[in-house]
Amino acid sequence: MRVVALYIDAQVADWPETASICSRFDGPIKTVATADEVYADVAAAKDPVRRGKQVLYLTRNKGAYIRQCPGTSHYTCCGYKILHVGTFCTMDCTYCILQSYFHPPVLQYFLNHADLNAELEQLFATRTIHRMGTGEFTDSLIWEPWTGLSEALIRKFAGQDCCALELKTKTTFIDTLLDLPHRRRTILAWSLNTERVIGSEEQGTASLGARLNAAARCAAQGYPLAFHFDPVVINDGCEAEYRRTVERLFAVIAPRHIVWISLGALRFMPDLKAVVQSRFPQSKIVYGEFIAGLDGKMRYFKPLRMKIYRAIAQAIRAHAPDVCLYFCMEDDEVWQDALGFRPADRGGLTRMLDDAAVRQCGLGNGSRLG
Amino acid sequence: MASDGEVTEECDRLIPLVDIDPRDERFRITTRRASDDLHLSIGRLGLRVPPLVVPGAAGFIIVSGFRRIAACQGLGWDSIRARVLQKASPYECTLKAIAANSLERPLNLIETSRALRLLDQYAPGGQAPPEHAAALGLPTHAGLAARLKTLCGLPAEVQDAILEETVSFAMACEIGRMEEGLAVDFARLFRQLKTSLNKQREILTLVAEIARREGINPRQVLTEDRLSRLRDAQDLDRNQKTQRIRKLLRQRRFPALVAAEDNFQSLRQRLALGSNLQLVPPRDFEGTRFTLTLNFESVEEVSRLRVKLDELVDHPDFKTLLTGKGRGFGEAPVP
Ligand code: SF4
């Protein structure tokens, strides 16, 4: 979706980064004293979620840049850290939880990078292993057309040995990243799905083929890669379609390039359902067999999750028996059923992923967390 | 509140009944049609309160007293004494028509809807001042009034269901957003089942979601063979029909979940736990903890339960209950 208006927080109006972004933008630009005017613009629209994707607000991150990933109780969380560089997204996936996460949802990009760098330096100084990513409250690479954020982060992470950065995306905005001296400290990651789900539920995203080609180009430049089958959407014929996606993945990417692959079935807070029903009346995605999970999120009935996980895991294992394969927010029962072990058997999920990062990203000289 | 300065005049007159057009119901508020109850009293005591009429293009239009006039016609009268409004605007007639009803008795939902609609229809500028509605005892909250106004535009069968109170106001508003045929289908079903609002909501949601899921019209779900057979079943009472219809719809909306529930149930039955031992699975089979409840009064009973528990631990179906979730408890016991 095209950004059609740019709002600038008066506090960052004369910053060089602001000028740089403005020079790459050809729509109306307005400086505002507070965010209220931006929120009012978005809230007044017939479809505030859509408007929120078309209005970019340049401002400061007034909270912490580095945050703990908000895992939920009862399900195994991976101990990830979030680098909070901005919010929301220009693509428009029907299932996107960000639609009901922010009130109102606004595309914001934070410019106080001195604070970001200070927080990173502090973390690097602990010399403990960390994994972090920018793709939790936004897509990591949507900012590429306007900013040099990814380049700066890749260079920054290349200068240390204990933290791996994961840039998670559904775009193919990698051209500016290919020749950077990354020292394998940055993992480029793509969300993968079936052609059907991408076509019907992921508006404005790159096709599966384009994502895989972009990944292959990054692999050729020595970048470690990750893939996330998330959200796995269960519908008639999905097992065969996910197997086909796995085939296509391994047809272009050798397992040795892959740091980890995650699987996560579609889950959402109950209030997202009404948003999807009203914004995407054609979508059938919320009419799956959902039950209320132990964390209050809607999840597919567990035996259905187990079945599709078994199928995808089996397909992945057939190509990459040793790749680090994990579940995002599932319990031991699911792990045992689909993968044949529980995270605790291998030192816990955090340990498993840290090990994979150490191996694939060359992290070292650091002590482990927890 | 009645006017723009002019005083509406009213006079009593004897009017031939043939001069009153009972089919002109533009000011009708009451939903009651039958006038048998009035027959008797008017026949015995005469017409104690004269109806209110207004001169029309040909003859008179009834403002209030529809049932009284019908009763007089039924009694074979030639003429009646009526109050005739002179120089009354349609809006003034509306106010009088509503007042004659709402200040005498509580209006039902359809009557309230008609009253609010009439006010808007004839108010100068298209919207009646809220104080007029308030003076007539009508709701003034804008959102509530807007929803109420839709009711009298609903198909007759839906309105009947509202009047019978088999469909609540909340449900009527939901049904009112549907296309007419579907709204009528739901009204018929709910009139037949006479079930609670929560169950109606459940049925409505299941039907809508099945239709979305399967890409068909919701009316096809409601007219599906098995559902129709349940509705027609002579040997089932209303509660049984409701229960089976809900189960049927749930089965179609959540096939794997309901199959797992059924499989779990039959495995549990095979364990023959008896009445002193209850085994409850985690809600929707999501968690991993089962609950076993033991009921006893004496040491002897505990002793018997201990034997039962020992048998249970070795029972292959019990193992399947605990480990067969990935297969929906549907296949052979896990070795
Ligand atoms: S790409 Fe990610 S952040 Fe963007 S709309 Fe889709 S799910 Fe949301």
Task: Smallest separation among heavy atoms of B:Ala260 and A:Phe301, with atom names - done: CB-CZ, 3.5 Å
Open item on the list: Heavy-atom count check: over 12 atoms from other residues, nucleotides or ligands less than 6.0 Å from B:Gln278 CD?
Closed with: yes
Task: Over 12 foreign heavy atoms within 6.0 Å of CD, A:Glu247 - done: yes
Open item on the list: Are more than 12 heavy atoms, taken from residues, nucleotides or ligands other than B:Arg306, located less than 6.0 Å from that residue's CZ atom?
Closed with: no
Open item on the list: Can you confirm whether more than 12 heavy atoms, excluding those of A:Lys307, are under 6.0 Å from its NZ atom?
Closed with: no
Open item on the list: If you count every heavy atom of other residues, nucleotides or ligands that lies below 6.0 Å from A:Arg50 atom CZ, does the total exceed 12?
Closed with: no
Open item on the list: Taking atom CD as the centre, does B:Gln121 end up with more than 12 heavy-atom neighbours from other residues, nucleotides or ligands that are less than 6.0 angstrom away?
Closed with: yes
TODO: Taking atom CD of B:Glu224 as the centre, report whether more than 12 heavy atoms of other residues, nucleotides or ligands fall under 6.0 Å from it.
DONE: yes
TODO: Could you look at B:Pro255 and say if it's the side chain, the backbone, both or neither that has a heavy atom under 4.5 Å from chain A?
DONE: both
Open item on the list: Any salt bridge linking A:Arg305 with B:Glu286? Criterion: basic side-chain nitrogen under 4.0 Å from a carboxylate oxygen.
Closed with: yes
Task: Closest non-hydrogen atom pair, A:Pro303 against B:Gly328 - done: CB-N, 4.2 Å
Task: Side chain / backbone / both / neither for A:Val286 at chain B, heavy atoms under 4.5 Å - done: backbone
TODO: Using modelled atom types only, decide if a donor and an acceptor are shared between the side chain of B:Arg283 and the backbone of A:Ile291 within a distance under 3.5 Å.
DONE: no
Task: Heavy-atom closest contact (A:Lys273 atom, B:Glu209 atom, distance) - done: NZ-OE2, 2.5 Å
Task: Straight-line distance of B:Thr288 OG1 to A:Gln336 CD, nearest 0.5 Å - done: 12.5 Å
TODO: Flag the pair B:Phe285 / A:Lys302 as yes when at least one side-chain heavy-atom distance between them is below 4.5 Å, and no otherwise.
DONE: no
TODO: Kindly determine whether A:Glu289 and B:Arg213 satisfy side-chain contact (heavy atoms from CB on, under 4.5 Å), including the steps that lead there.
DONE: CA-CA 10 Å; A:Glu289 281 199 60; B:Arg213 199 173 142 86; 4.2 Å; yes
Task: Residue part contacting chain B, namely of A:Phe290, when any heavy atom lies under 4.5 Å - done: backbone
Task: Atom CG of A:Asp236 with >12 non-hydrogen neighbours under 6.0 angstrom - done: no
Open item on the list: With rounding to the nearest 0.5 angstrom, report the CZ to NZ distance, B:Arg212 to A:Lys284.
Closed with: 7.0 Å
Open item on the list: Is A:Ala338 close to chain B through its backbone or its side chain, or both, or neither, when contacts mean heavy atoms under 4.5 Å?
Closed with: neither
Open item on the list: Is A:Leu294 in contact with chain B via its backbone, its side chain, both, or neither, using a 4.5 Å heavy-atom distance?
Closed with: both
